[in-house]
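Numbers here simply count residues along the sequence, with the first being 1. Just follow the structure's listing: the first ligand is 1, and inside any ligand the first atom is 1.
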Amino acid sequence: MAAATLYGRPGSAPAYAIRDFLHRSDIPFEWKEIRSDDEARALGLESARDRRLPLCVFADGTRMENPTIRQITEKLGWFHDPSRSEYDLAIYGAGPAGLSAAVYGASEGLKTVVVERWAIGGQAGSSPKIENYLGFFGGISGAELAERARDQAIRFGAEILLAREGVKGDFSAGKRGGILEDGTKIVARAAICATGVAYARLQVPNEERFHGAGVYYGAGASEASLCGNEHVVIVGGGNSAGQAALHFARFARKVTMAVRGESLKNTLSAYLCDRIASTTNIEVLTNTEVTALNGGDCLESVTLTNRMTNANRTIHTRWLFVCIGGAPHTEWAEGAGIVRDEAGYLVTGSDLMNGGYPPGGWPLDRQPYYLETNVPGLFAAGDVRHGSVKRCASAVGEGAMAVTFVHRYLVDG
Ligand SMILES: Cc1cc2nc3c(=O)[nH]c(=O)nc-3n(C[C@H](O)[C@H](O)[C@H](O)COP(=O)(O)OP(=O)(O)OC[C@H]3O[C@@H](n4cnc5c(N)ncnc54)[C@H](O)[C@@H]3O)c2cc1C
């Protein structure tokens with residue numbers, strides 16, 4: 001049974017944000033498009049343009065008009081302040097790396113808190129089907145995998161603070177403190193940064209205007225069933241774009257993949273290449289990039305340009321999914337003196353060594369542990385780390401491994 005019904009205008013960005021959050025959180029919900037003033041009035045609103053949309057009605061009758069994600073987490077009983085003045089371990093990011101660190105940290109007796117700015121699952125949470133994760137031969141949706149991991153972490157006693165964003169580090173007094181966007185301070189003896197990467201932008205005009213109103217980032221697991229009989233455009237040639245194309249092809253009339261490179265074979269796993277080649281409603285355009293986004297309130301069409309011939313083609317669509325990889329958001333680390341590489345990834349362990357010496361300011365006799373940043377007791381795991389393998393299983397492995405070094409740090413310094 002649906003836990004909530006969400007009403008909103010087609011192409012509404014705030015409604016998309018709520019759908020995405022509920023889907024990633026594995027909360028069953030119904031989405032109802034409000035297209036006419038009559039439909040809006042039946043809900044007690046003035047018109048289909050009423051600012052109280054989107055409207056979320058929960059199964060217990062609670063009605064939330066144009067709610068924020070934080071208000072929804074409060075309604076679900078998921079919004080908390082930290083319960084302790086000090087933890088053994090604070091983890092930032094609840095993607096596969098952070099959730100894994102939470103399971104291992106809490107199960108091994110560390111007082112553990114996880115801070116997540118959005119919903120659990122990270123990038124994996126937007127994947128319709130992860131097929132290469134050990135033990136799930138038939139694949140598993142990222143949202144389900146994340147929900148299982150969350151249950152596991154909570155059962156072991158980890159505390160998860162959702163809809164909270166770490167914005168600053170404070171490493172004074174030997175603690176690994178984190179300041180959240182509302183000023184809340186998390187104090188811990190050790191910390192793991194598992195904040196992953198955020199989706200890269202196309203860098204074309206109108207992109208922010210249409211974000212959530214036709215332009216989406218990631219594989220759009222929450223949106224696929226809404227694209228029935230429509231033309232969907234997916235940008236990117238990597239595995240996440242390939243997965244998205246196959247998933248949308250089950251619902252959409254036609255899927256066009258716009259790929260910058262010469263061939264999918266250079267960037268896509270062979271099993272996905274084969275499946276795409278044999279799916280009749282997927283079209284692959286290589287040497288192609290998006291050069292314009294057109295529309296009024298919502299996206300109405302995209303212009304694709306062939307990089308070799310400069311020929312343009314316009315596709316009428318309300319659905320553009322951008323899966324072109326990501327970049328880490330680690331600006332906070334720069335202010336805190338954490339070493340990053342040129343692209344912003346956190347540098348750890350032996351990568352910090354220069355000519356056999358640790359980085360300047362390193363205060364201990366030992367060298368940094370594997371996964372440890374240049375601040376002792378502050379570790380990085382998963383996609384945010386310089387040199388990491390961008391895979392679910394490796395993020396999970398690094399989360400677990402980071403906890404081993406946290407123990408070592410807490411005992412030996
Ligand atoms: C669509 C898609 C499909 C994929 N499919 C596969 C697959 O089939 N197999 C596979 O092996 N890999 C797959 N990947 C890659 C895999 O999902 C990633 O490698 C993995 O999720 C990385 O995990 P992570 O925990 O390091 O980071 P992320 O998953 O990026 O999680 C980071 C988390 O940190 C949070 N965060 C960021 N900043 C802050 C902050 N300041 N404060 C608090 N929280 C913060 C984010 O909201 C996010 O939840 C896919 C990726 C995508 C996008």
Short N or O distance, Lys129 and ligand 1, threshold 3.5 Å exclusive
no

Quiz item: Below 3.5 angstrom, do we get any N/O pair linking Cys392 and ligand 1?
Solution: yes

Legend entry - Salt bridge Arg84-Glu86, side-chain N to carboxylate O under 4.0 Å: no

The atoms of ligand 1 lying under 4.0 Å from a heavy atom of Gly196, numbered in the order shown, are 27 (O), 28 (P), 30 (O), 32 (C)

Nearest non-hydrogen protein atom to atom 30 (O) of ligand 1, with distance, is Gln123 NE2, 2.8 Å

Non-hydrogen atom of His329 closer than 4.0 Å to ligand 1: no

**Prompt:** N/O to N/O below 3.5 Å, does that happen between Ile130 and ligand 1?
**Reply:** no

Item checked: Within-cut-off N or O pair, Ala395 and ligand 1, under 3.5 Å -> no

of all protein heavy atoms, closest to atom 37 (C) of ligand 1 is Thr195 O, 3.3 Å

> Quick check, are the ring centers of His211 and Tyr216 under 6.0 angstrom apart?
Replying inline: no

Practice problem: Inspect the contact between Arg176 and Asp88 and indicate whether a charged nitrogen and a carboxylate oxygen are less than 4.0 angstrom apart. | Solution: no

Are any non-hydrogen protein atoms located under 4.0 Å from atom 50 (C) of ligand 1? no

Honestly, for Val197 the part within reach of ligand 1 (heavy atoms, under 4.0 Å) is backbone

Notebook entry, point to check: Are any of the heavy atoms in Tyr199 under 4.0 Å away from ligand 1?
Noted result: yes

Practice item. Tell me, please, whether Tyr217 has Arg201 positioned over its six-membered ring: NZ or CZ under 6.0 Å from the ring centre and within 45 degrees of its axis? Key: yes

Margin query: When you compare ligand 1 with Trp118, is there at least one nitrogen or oxygen pair between them that comes in under 3.5 angstrom?
Written below: no

Checklist line | Cationic N near anionic O, under 4.0 Å, Glu207 to Arg209 | finding: no

*asked:* I want to know if ligand 1 touches Gln243 in the polar sense, i.e. an N/O pair below 3.5 angstrom.
replied: yes

Stepwise ring pair (Phe, Tyr, Trp, His ring centres under 6.0 Å) check, Tyr369 with Tyr409: CA-CA 9 Å; Tyr369 295 130; Tyr409 168 76; 7.6 Å; no

The option among Arg24, His247, Arg117 carrying the non-hydrogen atom nearest to atom 36 (N) of ligand 1 is Arg117

Against ligand 1, does Ser126 come closer than 4.0 Å with any heavy atom?
yes

Note to self: Check for me whether Ala194 has a heavy atom closer than 4.0 Å to any atom of ligand 1.
What the structure shows: yes

protein heavy-atom neighbour closest to atom 26 (O) of ligand 1 works out as Asp383 N, 2.8 Å

Looking only at protein heavy atoms, what sits closest to atom 2 (C) of ligand 1 is Ser240 CB, 3.3 Å

Ala124 heavy atoms within 4.0 Å reach ligand 1 at atoms 17 (O), 21 (O)

So CD1 of Ile234 and CD1 of Ile324: to nearest 0.5 Å the spacing works out to 13.5 Å

closest protein heavy atom to atom 47 (O) of ligand 1 is Glu116 OE2, 2.6 Å

> Is the centre of the Phe156 ring less than 6.0 Å from the centre of the Tyr104 ring?
Replying inline: no

Lys/Arg N to Asp/Glu carboxylate O, Glu372 vs Arg366, below 4.0 Å = yes

Any heavy atom of Asn132 under 4.0 Å from ligand 1? The part involved is side chain

task = Could you say whether the N/O atoms of Arg164 and ligand 1 ever approach to under 3.5 Å?
result = no

| request: Report yes if Arg391 has an N/O atom closer than 3.5 Å to an N/O atom of ligand 1; otherwise report no. | output: yes

The protein heavy atom nearest to atom 23 (O) of ligand 1 is Pro96 CD, 3.3 Å

Under 4.0 Å from one or more heavy atoms of Lys390, ligand 1 contributes atoms 19 (O)

